[in-house]
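Down below is the structure, laid out as structure tokens.
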Amino acid sequence: MSGDDLDLSSLSDDELVRQMHDDLYDGLKEEIEEGVRILLERGWTPYSVLTDALVEGMRIVGEDFRDGILFVPEVLLSANAMKAGMAILRPLLAETGAPKMGKMVIGTVKGDIHDIGKNLVGMMMEGAGFEVIDIGINNPVEKYLEALEEHQPDILGMSALLTTTMPYMKVVIDALKEKGLRDRYIVLVGGAPLNEEFGRAIGADAYCRDAAITVETAKDLMRRMHNQRVAVG
Ligand code: B1M
């Protein structure tokens, strides 16, 4: 039940989604979990629950954080509630039975602890048939290099949510170039402050605006890489 004993299951879909935005705003983890389960029981796809209820709710939180209405402790509670909802959806998104597409190492760059977007990208990539190795947050270049060496992925994904941490993606790409490793991997970058121009300027293969676009871009670039290898012999 919600804080004031509101019966979530008595609400219409629209009312429930609006209530979930409020509950996410208030950081009410259990209510978010209940809301997610109710929407799934009503036949919503995991992807619709994710985008309409959770991601949209976090967008509203982000606006008030920006405007100084919400502060870090409150936003942390919202983030925890969002993660609890995502944890229910994750196995469902991964269950699509899609054929194995390739492997990706993904992590948030040094100095940055935002991980909701990265986690969401990982979930969607798993759902599309990619094996995902998530190396977490605050990764220095050495951690990326170690993970690439250990897991030999097709794709390196990097996430940054701060304008102060996004330039670190270039540090990682430059390190790959110096070691002669750049061409071994498809490098995809994402995060709210980035754009296509930035992705090009730092030498990434693509900037991905959201999780769905990451999946499409990854599939497309994997196909191209495969075709090139076949053409070369
Ligand atoms: Co932070 N924070 N935060 N924060 N936080 C932002 C990013 C900010 C824009 C808020 C604001 O002012 N409007 C602002 C950055 C401003 C700037 O740089 N210009 C900000 C700030 C300032 C800070 C602190 C500095 C605040 C402080 O301490 N005073 C601090 C920094 C800490 C640090 O990292 N060193 C901080 C802390 C936090 C919390 C810990 C409270 C919490 C993070 C919790 C967590 O992640 N576990 C938090 C949150 C939640 C946010 C906002 C509100 C929401 C981010 C989020 O999860 N969005 C955010 C506001 C905003 O972004 N508008 C904000 C939902 C998520 C689904 O979207 O992450 O964009 P997003 O991911 C998308 C795409 O970007 C893309 O796909 C995802 C899914 O569609 N994508 C990728 C992301 N990564 C990808 C990687 C890929 C591909 C696509 O690889 C291939």
Side-chain angles (χ1 to χ4, degrees), residues 21 24-25 27 29 32 47 49-87 89-90 93 102-128 130 132-140 144 153-169 172-173 185-196 198-199 202 204-222:
H21 295 165
L24 196 72
Y25 194 95
K29 179 169 167 272
I32 288 297
Y47 184 68
V49 179
L50 189 64
T51 49
D52 295 354
L54 301 185
V55 174
E56 175 56 15
M58 193 46 104
R59 189 190 63 74
I60 300 166
V61 170
E63 279 182 2
D64 280 5
F65 189 27
R66 179 195 61 207
D67 297 342
I69 298 166
L70 287 177
F71 296 95
V72 169
E74 290 136 343
V75 177
L76 260 179
L77 287 178
S78 300
N80 284 342
M82 169 123 186
K83 284 185 176 187
M86 282 166 66
L89 297 173
R90 181 179 180 164
L93 283 165
K103 204 195 269 191
M104 174 172 80
V105 161
I106 188 166
T108 303
V109 296
K110 186 176 164 183
D112 202 320
I113 63 166
H114 294 87
D115 66 353
I116 294 176
K118 164 186 69 63
N119 297 349
L120 216 151
V121 169
M123 277 165 52
M124 296 281 294
M125 288 288 284
E126 280 177 352
F130 286 86
V132 176
I133 295 113
D134 185 338
I135 60 170
I137 54 173
N138 193 22
N139 283 291
Y144 284 106
D154 308 287
I155 302 172
L156 168 63
M158 288 189 276
S159 178
L161 264 287
L162 299 171
T163 45
T164 48
T165 56
M166 61 189 227
Y168 197 78
M169 293 174 160
V172 179
I173 293 175
Y185 310 105
I186 294 168
V187 179
L188 303 180
V189 293
L194 279 62
N195 57 35
E196 237 172 277
F198 175 80
I202 62 169
D205 290 295
Y207 154 69
C208 305
R209 200 181 65 227
D210 61 29
I213 289 178
T214 308
V215 168
E216 287 319 308
T217 309
K219 282 186 186 168
D220 184 39
L221 291 177
M222 286 291 292

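Residue numbers run from 1 in the order of the sequence given. Values reported hereafter were calculated over all heavy atoms of this structure, with side chains retained and with hydrogens, waters and symmetry mates removed. Each ligand, and each atom within it, is numbered from 1 in the order the structure gives.
Looking at Thr214 against ligand 1, only its side chain comes within 4.0 Å, counting heavy atoms. The parts of Leu162 lying near ligand 1 are both backbone and side chain, judged by heavy-atom distances below 4.0 Å. Both the backbone and the side chain of Ala192 come within 4.0 Å of ligand 1, judged by heavy-atom distances. If you look at Thr163 next to ligand 1, the close heavy atoms, those under 4.0 Å, come from the backbone and the side chain alike.
For atom 9 (C) of ligand 1, the nearest protein heavy atom (residue, atom name, distance) is Leu161 O, 4.7 Å. Closest to atom 28 (O) of ligand 1 among all protein heavy atoms lies Val72 CG2, 3.8 Å. Atom 47 (N) of ligand 1 has its closest protein heavy atom at Asp115 OD1, 2.7 Å. When hydrogens are left out, the protein atom nearest atom 74 (C) of ligand 1 is Arg209 O, 3.3 Å; that is the closest non-hydrogen contact.
Arg59 and Glu56 are joined by a salt bridge, as a carboxylate oxygen and a charged side-chain nitrogen come within less than 4.0 angstrom of each other.
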Go through it in stages, so that I can follow the logic: the residues are Leu70 and Tyr25, the test is side chain to side chain contact (heavy atoms under 4.5 Å, CB included), and I'd like the CA-CA distance, side-chain angles, deciding distance and then a yes or no. CA-CA 9 Å; Leu70 287 177; Tyr25 194 95; 3.6 Å; yes
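Between Gly111 and ligand 1, an N or O atom pair is found at a separation short of 3.5 Å. The distance criterion of under 3.5 Å between nitrogen or oxygen atoms is not met by Val189 with respect to ligand 1. Residue Cys208 places no N or O, backbone or side chain, under 3.5 Å from any N or O of ligand 1.
Interface of Gly62 with ligand 1, defined as ligand atoms under 4.0 Å from a residue heavy atom, comprises 13 (N), 53 (C), 60 (C). Taking a cut-off of under 4.0 Å to the non-hydrogen atoms of Leu188, the atoms of ligand 1 that pass are 90 (O), 91 (C). If you number the atoms of ligand 1 from 1 as listed, the ones under 4.0 Å from a heavy atom of Asp210 come out as 76 (C), 77 (O), 80 (O).
Residues passing the side-chain contact (heavy atoms from CB on, under 4.5 Å) test with Ile113, sequence neighbours excluded: Ile137.
Considering Met158, Met169, Arg66 only, the shortest heavy-atom separation from atom 86 (C) of ligand 1 involves Met158.
Between the side chains of Asp112 and Tyr168, no donor-acceptor pair is found at a separation under 3.5 Å.
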